[in-house]
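These notes concern the structure reproduced below.
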Amino acid sequence: TGTTPTGTTTPTPVGGGVSVMLATDTPAAASVITDTADGAQALAPFTKLVFTAGTTAAKVTGIKLVRSGVSTNSDISNVYLYEGNTRLAEMISITSDNVITFSNSAGLFTVPAGSSKTITVKADLANAGSAGKTMRLGVNAAADITVEGATAAGTFPINGNYMTWASITDLGEYTFSSSTYPSAVDPSATAERELWRLSSTAQNQKVQLQYMKFTMIGTASNVDFSNLKLTIGSTVYGPVEMAADKTVTFDLSATPFVYEAGQTKNIALSGKVIGGASRNFYFTLQNASDVVAYDLGYNVYLKPNKLDTYTVIKAAAATNINSGSLTISKASDTPLGSLPLGATNVELARFNFVAAGEAVKVSS
């Protein structure tokens, strides 16, 4: 059995079920920050839950959270589920009866048999909120946890602590925009090239960039790219490889890049395009949580571009990967001089054929 911070005993599940309880280190009651003009705290931790599986693994496919307190649904712009620093899910909806829904038939997460997994509920606050509001997030009933082929157990409701809104006028800002991209590239196993450049600016406070996740869109494949790097000013991160889902992740948390207040820096994504002839691609920042920026003055996370409703940042058009080409030149060791009359099998000339971008078949 497990014990909640209040001493309530939660039974260990049997079979494929899962028990749910409030983590002993769930976030304490605290202030969360909005800016009176625009902008607000991002990824504010509200609740931490512990899921424990029985004798078989438990796949959790749905979670419903309930919002309560002196606040409205419009006081938050998004809610997430995290395991450590890994984002597992983003809310699908928040209804008029204050229910926040997460759902994925393939599984939000899986708890291995006989073990536990800690999930943190984080939220982006809506811009320009009023001071003094309060909010907590929790699970109202066992039926609000959907487990594939099994059920959830626990002592419900399970609620986090109340967070109280505080308003300031100088919250840090982190903004960026697409700048340049190549219109076309030749595939090459050796040449590195810039694939996308953005302009980024920090305002009001020192800002720490801790994480960026790019998503490649287009007909190219993940295996067409290699040795991807992120360059901010003169600082280089990587190389990393593109994942099968066409994402490129740079975790900068060990050595984050720090912007002084008012500082602008170029961000460049570069690497090798090693295949994909006649295909195309462009890179995007798909979600607000794909950019993790931290205000070092107020010690809170920031919403990129200060947006309640995030707009995808992307290159203005796709980059084409050129088709293969064949270059023919006279070889430096081609025969020179006179030919003897009546000779046979005489070499008359020698040429170099060089293929670029892809294999080239010479048919005639």
Consider only side-chain heavy atoms of I, L, V, M, F, W and Y, link residues closer than 4.5 Å, and tell whether Leu43 and Leu49 are in one cluster.
no

Which pairs would a plain distance check flag for residues 110-123, meaning a side-chain donor or acceptor within less than 3.5 Å of a matching protein atom at least two apart in sequence or in another chain?
unit_1, atom_1, unit_2, atom_2, d
Ser115, OG, Pro112, O, 2.8
Ser116, OG, Thr52, OG1, 2.7
Lys117, NZ, Thr110, O, 2.8

Is the distance between the ring centroids of Phe225 and Phe281 less than 6.0 Å?
yes

Can I get a per-line list of side-chain donor-acceptor pairs under 3.5 Å for residues 327-343, giving both atom names and the distance, sequence neighbours left out?
unit_1, atom_1, unit_2, atom_2, d
Asp333, OD2, Arg350, NH1, 2.8
Thr334, OG1, Arg350, N, 2.9

With a 6.0 Å cut-off (strictly less than), is the heavy-atom count around NZ of Lys64, excluding the residue itself, greater than 12?
no

Within this structure, what is the NZ-OG1 distance for the pair Lys265 and Thr231, rounded to the nearest 0.5 Å?
12.0 Å

Output field: ring centroids Phe351/Phe353 closer than 6.0 Å:
no

Measuring only between side-chain heavy atoms, which start at C-beta, is Ile94 closer than 4.5 Å to Val79?
no

Please lay out, stage by stage, how Trp165 and Thr34 fare under the test side-chain hydrogen bond (donor to acceptor under 3.5 Å, both in side chains).
CA-CA 7 Å; Trp165 266 233; Thr34 65; 5.1 Å; no

Walk me through it: do Tyr174 and Tyr259 pass the test ring-ring contact (aromatic ring centres under 6.0 Å, His included)?
CA-CA 9 Å; Tyr174 185 67; Tyr259 294 74; 5.3 Å; yes

With side-chain hydrogen bond (donor to acceptor under 3.5 Å, both in side chains) as the criterion, how do Thr284 and Gln286 come out once you've worked through the C-alpha distance, each side chain's angles and the decisive distance to 0.1 Å?
CA-CA 6 Å; Thr284 68; Gln286 286 284 321; 2.9 Å; yes

Of all residues at least two apart in sequence or in a different chain, which pass the side-chain contact (heavy atoms from CB on, under 4.5 Å) check with Val258?
Lys206, Gln208, Leu296

Quick one, Leu171 with Val300, criterion side chain to side chain contact (heavy atoms under 4.5 Å, CB included). Give me CA distance, side-chain angles, the key distance, then yes/no.
CA-CA 9 Å; Leu171 182 65; Val300 297; 3.8 Å; yes

Where at least one partner belongs to residues 90-119, residue pairs that pass ring-ring contact (aromatic ring centres under 6.0 Å, His included), sequence neighbours excluded:
Phe51-Phe109

In this structure, would Ile232 and Tyr294 fall into the same cluster of hydrophobic residues linked by side-chain contacts under 4.5 Å?
no

Compute whether any side-chain donor of one residue and acceptor of the other, for Thr72 and Ser74, lie under 3.5 angstrom apart.
yes

Any salt bridge (Lys or Arg N to Asp or Glu O under 4.0 Å) pairs touching residues 226-241, not counting sequence neighbours?
Glu192-Lys229

For the OG1 atom of Thr201 and the CD atom of Gln263, what is their distance to the nearest 0.5 Å?
9.5 Å

Does a side chain donor of either Asn161 or Arg136 reach within less than 3.5 Å of an acceptor in the other side chain?
no

Would you check if Ile313 and Asn305 make a side-chain contact, meaning some heavy-atom pair closer than 4.5 Å?
yes

Using atom types as modelled, flag every donor-acceptor pair under 3.5 Å from a side chain in residues 80-87 to any protein atom, sequence neighbours excluded.
unit_1, atom_1, unit_2, atom_2, d
Tyr80, OH, Asp124, OD2, 2.6
Arg87, NE, Ser289, OG, 2.6

Quick one: are Asn104 and Thr61 in side-chain contact, heavy atoms under 4.5 Å?
no

Indicate whether the side chain of Ser188 and that of Asp186 have a donor and an acceptor atom separated by less than 3.5 Å.
no

Under a plain distance cut-off of 3.5 Å, with no hydrogens placed, do Gln210 and Tyr301 share a side-chain donor-acceptor pair?
yes

Measure the shortest side-chain to side-chain distance between Met242 and Leu228 over non-hydrogen atoms and say whether it is less than 4.5 angstrom.
yes

